[in-house]
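Below is one structure, written out as structure tokens, with a few remarks after it.
Residue numbers begin at 1 in each chain, while the letters A, B, ... track the order of the sequences. Scope of the values below: all heavy atoms of this structure, side chains included, with no hydrogens, waters or symmetry mates.
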Amino acid sequence: MIHLFDTAKGAVVPLETREPQKVSMYVCGPTVDGAPHIGHGRMTLVFDVLRRYLEWSGYEVHHVSNVTDIDDKIINRAEREGREPADVAREFEALWWEGIDAIGVARPHDDPHATAWVGQMVEMIGALVERGVAYEISDGVYLEVSKVDGYGLLARQSLDSLQAGARVDANGEKRSPVDFVLWKKSKPGEPTWPSPWGDGRPGWHTECVVMSLGLLGDGFDIHGGGIDLTFPHHENERAQAVALGRPFARHWMHNGFVEVDGEKMSKSLGNFANLIDLVRSTDPRSYRLLVLQSHYRSPMEVTKDTIAQARQAIHRLDAFARRTADIDSSPGSGIEPDPALISKFREVMDGDLNTAGAMTLVFQLVRTVNQSLDIDDLAGAEPAVAAVRSMCQALGLELNDEPEVVPDDIIAMAEEREAARAARDFGRADSLRDAITGAGWILDDSAGGTTIRRA
RNA sequence: GCGCCGGUGCCCGAGCGGCCCAAGGGAACGGCCUGCAAAGCCGUACAGUCGUCGGUUCAAAUCCGACCCGGCGCUCCA
């Protein structure tokens, strides 16, 4: 059984699902006010691997991830650029999916948009007001945090110490500085929805409770996101559910941050690393491998160097895939993954999703298979090859065993070089090779002939 | 200030009481292969030690305390 760290419990615990063999997970998605960055990339990759591994383990997974398409930052950007907030949201949502698709993250089964759920949010806020845990002041409706049992569970701090640290509120009407906004009354020119408290829009923390509960139901299994969302976002989501008396997430998961040169990478710091640039400038699988080689809760260093290191490792894996391409391990082939290896993999992954340990296994197998193949021990290699393929599937790592599509003129030059080599005219052969290299292609000579690949 | 999380070889990064004189990847070096290279494969070396100082224990990278450094939250943030 898989064990995962639960932020609320502060410990690694077995994943006990609401229904047997089914997992419902809600992952906090982006606010689409700008291009996705590599931190978003890591987050989606972490939960993609979790989802794939659970599916590989036999669970039926219901994966929901929202898109926040109305928010102050979107409004501000729209204002700055003189266009409609919806237009800003549309543009960056498209970019979001481009980045996510490129790194091979499976699309969620549902991708609720905040703007489509405002009616339900108004309803929920109404219920909170009715229960006497929310109150209206001049600029909006707030949740009264002191009325929520166990507030501070995720923050791992008492209400008192949270209150001590909270910034003083400018308005002065809030009953406590930690009370948070459920409904924001609109200022002129902003997008609005009607409500019993006047036109306005929902606060950020409200959308995720309403949409997660709405799509996955009470007591769903996993709620996840970046570690920065732990407090206040997730705390406040939970507070609303608790205040309503509804069971919320059974299990909380948060992934660690990406750091660039030891520093937090974020929009506000300006050392913002764009995911789109990354996937356009390198093999996107490199980034998945980099993510896999560190633990999801640890900080992860992303620089040109670490990306390049991962790309080299991907090359090694691809070479392995090419070398073993002739081994057919499809169902009915008679070649099964070595059960001992699979159970070792499972044991490692079940320990809080230890993907780094899993990659260790994969690379060790790559070596032993190569050793077997070096001495023509095909039978010894086959079950290990099948195991590697199975593991890679669980990790969402696609290995490339296909020769690349090479332009005709490059092929022509390569053939000419072959002729020159056959004629032992190595001067001519080498100058042709230089020309091919100059065009961005690399020749791999081997006993079986020469293959061409992109540099 | 309060709370949380880290500091492991040249780089990235697992391990979190005995299986660790510490995995794996990258880089380095050597060999095989090659007309020569590159690629690929194989192998070797690199941490006598896991930020520092104390402590607990038969046993500590792993637990406890203090300190130093970095990150996160308490403010928009994945």
Comparing nearest nucleotides in RNA chain B, the 5'-proximal residue of the pair A:H205, A:R297 is A:R297
Per the glycosidic torsion and the 90° limit around 0, nucleotide B:rG48 is syn
Winner on side-chain proximity to A:R417, out of B:rC36, B:rG26, B:rG40, is B:rC36
Salt-bridge present (A:D48, A:R52; N to O < 4.0 Å):
yes
I want to check one thing: is the phosphate of B:rC42, taken as OP1 and OP2, less than 4.0 Å away from some side-chain N or O of A:N370? yes
Hey, are A:D6 and A:K9 close enough for a salt bridge, meaning a charged N less than 4.0 Å from a carboxylate O? yes
* To do: Quote, to the nearest angstrom, the P distance that separates B:rC63 from B:rG17.
  => 7 Å
The nucleotide from B:rU34, B:rC72, B:rG40 with an atom nearest the side chain of A:R421 is B:rU34
Report task. Please measure how far the C1' atom in B:rA61 lies from the corresponding atom in B:rC76, and state the result in whole Å. Result -> 38 Å
**Asked** Ion pair present between A:K185 and A:D139, side-chain N to carboxylate O less than 4.0 angstrom?
**Response** no
Between CG of A:D445 and P of B:rA39 the distance, given in whole Å, is 12 Å
Intra- and inter-strand pairing of RNA chain B, written as dot-bracket with Watson-Crick and G-U pairs under 3.5 Å and | for the latter, reads ((((((((.[[[..)..(.....]]].(((((.......)))))......[[[[[..)....]]]]])))))))....
Regarding the side chain of A:F363, the nearest nucleotide among B:rG43, B:rG73, B:rG25 is B:rG25
Smallest heavy-atom separation, A:T355 atom then A:L292 atom, equals OG1-O, 2.7 Å
Integer angstrom distance from the P of B:rA38 to that of B:rC32
14 Å
Regarding the side chain of A:R156, the nearest nucleotide among B:rC41, B:rG3, B:rG35 is B:rG3
A:W96 atom CH2 is separated from B:rA78 atom P, nearest whole Å, by 8 Å
With a 3.5 Å cut-off and heavy atoms only, can you find an N or O donor on one side and an acceptor on the other between the side chain of A:D430 and the base of B:rG35?
yes
Residues A:F231 and A:A155: closest non-hydrogen pair is CD1-CB, 3.2 Å
| field | Pairwise C1' distance for B:rA22 and B:rG13, with rounding to whole Å | value | 12 Å
What is the ring orientation for A:H223 with A:Y26, classed by angle as parallel under 30°, tilted 30 to 60°, or perpendicular over 60°? tilted
- Query: Mind checking whether A:W252 and A:T230 have side chains closer than 4.5 Å, heavy atoms only?
  - Reply: no
Atom NE2 of A:H37 and atom C1' of B:rC76 are separated, to the nearest Å, by 11 Å
Would you say A:Q312 places a side-chain N or O within less than 4.0 Å of OP1 or OP2 belonging to B:rA27?
yes
From CG of A:L397 across to P of B:rG24 the rounded distance in Å is 18 Å
P spacing across the pair B:rC20 / B:rG31, given as an integer number of angstrom
32 Å
Here the distance between atom P of B:rC77 and atom CD of A:E259, to the nearest Å, is 20 Å
| message | Mind checking if A:R424 touches a base, just sugar-phosphate, or nothing, with heavy atoms under 4.0 Å? | response | sugar-phosphate
Between A:R316 and B:rC41, is there a contact of a side-chain N or O with OP1 or OP2 at under 4.0 Å?
yes
Heavy atoms of A:R285 and A:E398 approach each other most closely as NH1-O, 2.8 Å
Letter by letter from the 5' end, nucleotides 8-23 of chain B scores (B base, S sugar-phosphate only, - none; protein heavy atoms under 4.0 Å) ---BSSSS-------B
Span that lies between the P atom of B:rG7 and that of B:rU56, in whole angstrom
25 Å
side-chain contact (heavy atoms from CB on, under 4.5 Å) filter on A:H109, not counting sequence neighbours, yields A:R51, A:E55, A:H62, A:H63
Query raised in the report: Given side chains that start at C-beta, do those of A:I38 and A:R42 come closer than 4.5 Å, heavy atoms only?
Result: no
Practice item. Using the six-membered ring for Trp and the full ring for Phe, Tyr or His, decide whether A:F257 stacks on the six-membered base ring of B:rA78 (centres under 5.5 Å, planes under 30°). Key: yes
| task | Answer yes or no: is there an ion pair linking A:R280 with A:E98, defined by an N-O contact shorter than 4.0 Å? | result | yes
- Message: Over all strands shown, is A:G256 touching base, sugar-phosphate only, or nothing at heavy-atom distances under 4.0 angstrom?
- Response: base
In whole angstroms, the gap separating C1' of B:rG26 from CZ of A:R311 amounts to 11 Å
Handout entry: Separation of the C1' atoms in B:rC67 and B:rU57, to the nearest angstrom
Key = 23 Å
*Kindly say whether, by distance alone, the side chain of A:R433 makes a donor-acceptor pair under 3.5 Å with the base of B:rA38?*
no
Rounding to 0.5 Å, atoms CG (A:L289) and CG (A:L45) come to a distance of 10.0 Å
Separation of B:rA78 atom C1' from A:F231 atom CZ, nearest Å, is 18 Å
A:I442 atom CD1 is separated from B:rA37 atom P, nearest whole Å, by 17 Å
**OP:** Give A:L373 one of three labels, base, sugar-phosphate or nothing, depending on what nucleic acid heavy atoms sit under 4.0 Å from its own.
**Re:** nothing
- Separation between the P atoms of B:rG51 and B:rU62, rounded to whole Å: 8 Å
